[in-house]
Amino acid sequence: MTADMTHDVVVVGAGVAGSLIARRLTTEGLRVLVLEAGPATPSTFEGYLQHVQTFYAASGKGAESAWPPAIGAPQPDARDLRSDNGYFVQRGPLKYGSTYTRAQGGSTLHWLGVSLRMLPEDFELRSRYGRGRDWPLRYQALEPWYRQAEREIGVAADVADQTHHGIEFADGYDYPMRRIPPSYSDIVLAAAVDGMSVRLGEDEIRLKVRSYPAARNSIPRDGYRPVGAVDIRPDGLGRDLYLGERCAGNTSCTPICPIQAKYNAGKSLARANPAYLTVLARAVASKLHVDPVSGEVRGVEYQRYEDTSSPRHTVHTAHGRIYVLAAHAVENAKLMLASGLGGASGMLGRNLMDHPSIYGWGLAKAPLGPYRGPLSTSGIDDMRGGAFRARHAAFRVDIGNDGWRPTTGAPDTTVVDAVQTRGLYGADLRRYLESTLARQVRFSLNAEQLPSAANRVTIDPRYLDAMGNPRPVISYDIDDYTLAGMAEATRVYREVFSRAGIEDHTDPEHSTWFPEVPYAGGTMRYHGMGHFAGTHGMGNDPESSVVDVDQRSWEHRNLFLVGAGSFPTMGTSNPTLTMAALALRTADRLIAEMGRSSHRQQPYRREQGRSRDLSSGGYTEDRPPEGLGDRL
Amino acid sequence: MTTRLERFLAFSADATAFTRFELQGTGQAREYLDTVVRIAGDTIVDRLLDLHLHAKAVAAASGNSAIMEHLLRRDVLSDPRLGPVARNIVKMWFVGIWYELPREWTEAFGAREGDVTFVVSGTAYAEGLLWRAIGANPPGAKAPGYGSWALPPHIPALAAH
């Protein structure tokens with residue numbers, strides 16, 4: 001271990017963007033310190049299984065149930081939305097309905113795994129439809145990094161299914177793994193729905209049930225080896241478990257894939273070069289120190305806690321040549337604002353977006369076999385693009401494989417209702433469960449939201465967490481453009497249900513509670529998709545954006561803000577693949593730049609033999625190496 | 001003389017329409033019996049199981065199985081003291097959760113220590129009969145294997161009683 005503990009790059013946040021950058025930079029011999037605010041996620045498989053047990057034993061099995069937060073790194077929780085006493089301070093007028101996880105691995109610990117590319121037209125919304133903003137790069141410019149991202153996180157799909165709305169792939173390219181088999185329910189729905197058309201204004205749109213690309217392991221192509229469960233023991237060596245190299249149908253992408261057949265950011269950290277990587281969990285970045293003359297960042301102050309159930313902590317500062325904030329759209333903005341770096345443009349924290357979504361649920365005529373397979377394997381993508389975007393939001397239809405769980409709490413609540421209210425037992429109970437649960441269908445209709453300066457994250461000294469850091473104060477509204485899209489989505493799902501012979505049981509008055517929004521004399525209930533975006537949007541103009549096309553801060557040239565916060569608009573795809581592609585692109589920019597200017601640094605530690613190149617290894621440091629932090 | 005566990009299995013088989021063999025195969029019978037005894041007490045559990053055996057015996061003697069349903073509904077499920085406990089046993093088998101007894105029950109018969117809603121154990125969750133009743137697997141456990149979800153669900157036929 002060298003005495004000089006200045007790092008090449010300090011990354012804040014061990015989620016997907018930070019972990020991909022750490023892996024790529026350490027592979028090039030750059031020394032990277034990753035600060036993670038939340039608890040460490042075990043790199044041993046045995047440790048990971050403790051989280052599976054936590055999930056089994058939890059009476060509520062929501063997205064957060066396998067990942068209990070630390071007092072020092074509080075996080076939003078879906079259960080707090082109604083009571084409004086959670087981590088977020090919701091200023092309204094509407095509630096922001098999404099949550100995220102502060103832990104090593106971030107929200108990829110419990111994401112669904114869908115890995116859609118954005119459409120080419122999503123990058124040009126302003127020039128094509130006069131709405132929102134254009135991106136400072138086009139689809140074609142990002143395409144090489146989409147391919148890399150699909151390999152890095154391991155996406156299963158067939159190009160043949162994915163060429164729609166002008167999505168183009170490089171010649172000869174196909175995804176690293178074959179598509180995940182569509183569910184039986186997808187197959188039955190497709191037989192009824194494929195080819196039907198719906199009208200959106202002038203546009204007549206033909207529908208097709210389409211397989212979703214997903215970061216879940218499937219049958220590999222061309223010598224690719226799927227990355228399964230990580231098991232790095234305290235000796236620093238990775239073991240090959242031969243586990244999780246195929247999705248096995250555990251039906252719990254959210255909140256935890258028990259065999260890690262689904263990508264989580266821990267896999268990228270595990271595949272980083274351990275000699276050049278230090279990961280420090282339970283280290284909450286609380287302030288950036290900036291040189292008042294040059295504007296360059298000089299250090300990241302962080303609070304280190306040992307006990308996840310206590311706010312006790314010590315304060316340290318980490319130094320690097322380059323700083324990368326990969327903490328989450330909300331946390332990045334919060335950290336900048338807490339450091340007094342709101343910026344001259346006033347854009348920081350603004351343009352917060354999500355995919356406000358509506359559920360439609362019903363009963364098919366015959367059993368479709370829900371509650372099996374990955375939680376979603378197909379969707380209807382045909383309303384993601386088209387001329388109608390000049391008038392109202394585009395939307396995407398997710399077909400759920402988990403019945404009415406998100407809308408009514410089924411199947412548990414179905415049993416309780418059958419036994420308690422209907423007085424059923426024995427064969428009658430069994431017949432009732434078969435006749436209801438096995439026929440359940442659910443769509444989630446996810447609408448695009450445009451950037452709006454009024455939708456924003458701020459901080460307020462009156463609202464602090466247990467360690468004295470600001471809690472995010474959120475102002476949020478859904479405009480008529482998006483509401484009109486949600487209304488059209490509602491009409492479309494009803495037409496699809498009708499065509500497929502699905503009896504509509506959508507009844508928000510008797511369902512899980514969701515926030516409501518008035519529209520056209522009625523009320524719509526919406527839920528968040530966890531797709532936070534837009535708080536530090538990228539652009540070509542420092543007046544109207546926070547970062548440039550490389551995600552580099554306009555005002556602090558050795559600082560990068562990465563993740564979905566950089567999205568100028570968000571289209572209808574879930575943001576993970578695009579933020580992964582952008583992160584890899586940023587990493588390449590950093591390598592090009594730092595490789596030129598630097599003398600080669602010593603690794604933190606000797607390189608170790610690894611049992612399986614590029615698929616295990618990795619190093620997670622539980623305490624700061626000697627001399628790493630300057631104790632204040 | 002049958003043991004209480006055997007009587008519990010006999011009642012549970014009739015209450016769930018899963019065979020005694022299937023119930024034993026979950027490995028959960030002892031844990032559920034212990035849970036209901038711990039919270040509801042010996043007297044209530046024994047009474048409930050005795051009434052079930054009685055109903056079964058009467059039905060067998062008369063050769064009319066519908067009598068058992070009649071007696072079970074009249075003497076157990078409609079009984080304000082036994083009914084909620086019996087229903088909790090059914091729910092425990094299907095979901096793996098002990099649900100807090102209804103307030104009317106607590107007001108009439110006294111609050112019981114430990115009577116809160118809880119997952120009986122991680123294994124109880126994974127062994128919930130609900131999943132096999134609909135041809136599915138408990139999320140996060142008993143994965144049926146790659147691609148199995150593309151096939152129609154296999155919903156087991158009801159055992160003949």
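In what follows, every chain begins at residue 1, and chains take the letters A, B, ... in the order their sequences are listed.
Using a 4.5 Å heavy-atom cutoff, the side chains of B:I89 and A:Y425 are not in contact.
For A:F55, the part lying under 4.5 angstrom from a heavy atom of chain B is the side chain only. For A:P258, the part lying under 4.5 angstrom from a heavy atom of chain B is the side chain only. Proximity to chain B (any heavy atom under 4.5 Å) is restricted, for A:A58, to the backbone atoms N, CA, C and O. Contacts between B:L129 and chain A at a heavy-atom distance below 4.5 Å are absent for every atom of the residue. Interface residue A:R405: only side-chain heavy atoms are found under 4.5 Å from chain B. At a 4.5 Å heavy-atom cutoff, A:P255 makes no contact with chain B through either its backbone or its side chain. Contacts between B:P138 and chain A at a heavy-atom distance below 4.5 Å involve the backbone alone (N, CA, C, O). When heavy atoms are compared at a cutoff of 4.5 Å, A:S218 approaches chain B by way of both its backbone and its side chain.
Nearest heavy atoms, B:G122 versus A:Y56: CA-CB, 3.7 Å. The two residues A:A248 and B:W149 come nearest to each other via the heavy atoms C-CZ3, 4.0 Å. Closest approach of A:N250 to B:A141, counting heavy atoms only: OD1-N, 3.4 Å. Contact record, B:P153 with A:G369: CG-CA, 3.4 Å, taken as the closest heavy-atom pair. Residues A:A438 and B:I155 approach most closely at CB-CD1, 3.9 Å, considering heavy atoms. Considering every non-hydrogen atom in both B:A150 and A:P182, the closest pair reads CB-O, 3.4 Å.
B:R47 CZ: 12 or fewer foreign heavy atoms inside a 6.0 Å radius. Counting non-hydrogen atoms of other residues, nucleotides and ligands closer than 6.0 Å to CZ of A:R178 gives a total of 12 or fewer. Within a 6.0 Å radius of CZ in A:R221, other residues, nucleotides and ligands contribute more than 12 heavy atoms. No more than 12 heavy atoms of other residues, nucleotides or ligands sit less than 6.0 Å from atom CD of B:E113.
Interatomic distance, B:I134 CD1 to A:R439 CZ, rounded to the nearest 0.5 Å: 13.0 Å. To the nearest 0.5 angstrom, A:T421 atom OG1 is 9.5 Å from B:R87 atom CZ.
The greatest number of non-hydrogen atom pairs below 4.5 Å with chain B, out of A:Q53, A:K61, A:R431, is found for A:K61. Ranked by non-hydrogen atom pairs under 4.5 Å with chain B, the options A:I219, A:I259, A:N217, A:I187 are led by A:I219. With respect to chain B, the highest number of heavy-atom pairs below 4.5 Å among A:V52, A:N401, A:V416 belongs to A:V416. Listed options A:A427, A:P367, A:C247 were ranked by heavy-atom pairs under 4.5 angstrom with chain B; first place goes to A:C247. Highest contact tally toward chain B, considering only A:S185, A:P374, A:S59, A:C257, is held by A:P374 [criterion: heavy-atom pairs under 4.5 Å]. If you tally non-hydrogen atom pairs under 4.5 Å between each of A:T54, A:D428, A:I180, A:T251 and chain B, the highest count goes to A:T251.
Checking side-chain atoms of A:R372 against main-chain N and O of B:L151 turns up a donor-acceptor pair under 3.5 Å.
In this structure, A:R430 forms no cation-pi arrangement with B:F94, as its terminal cationic atom is not both closer than 6.0 Å to the ring centre and no more than 45° off the ring axis.
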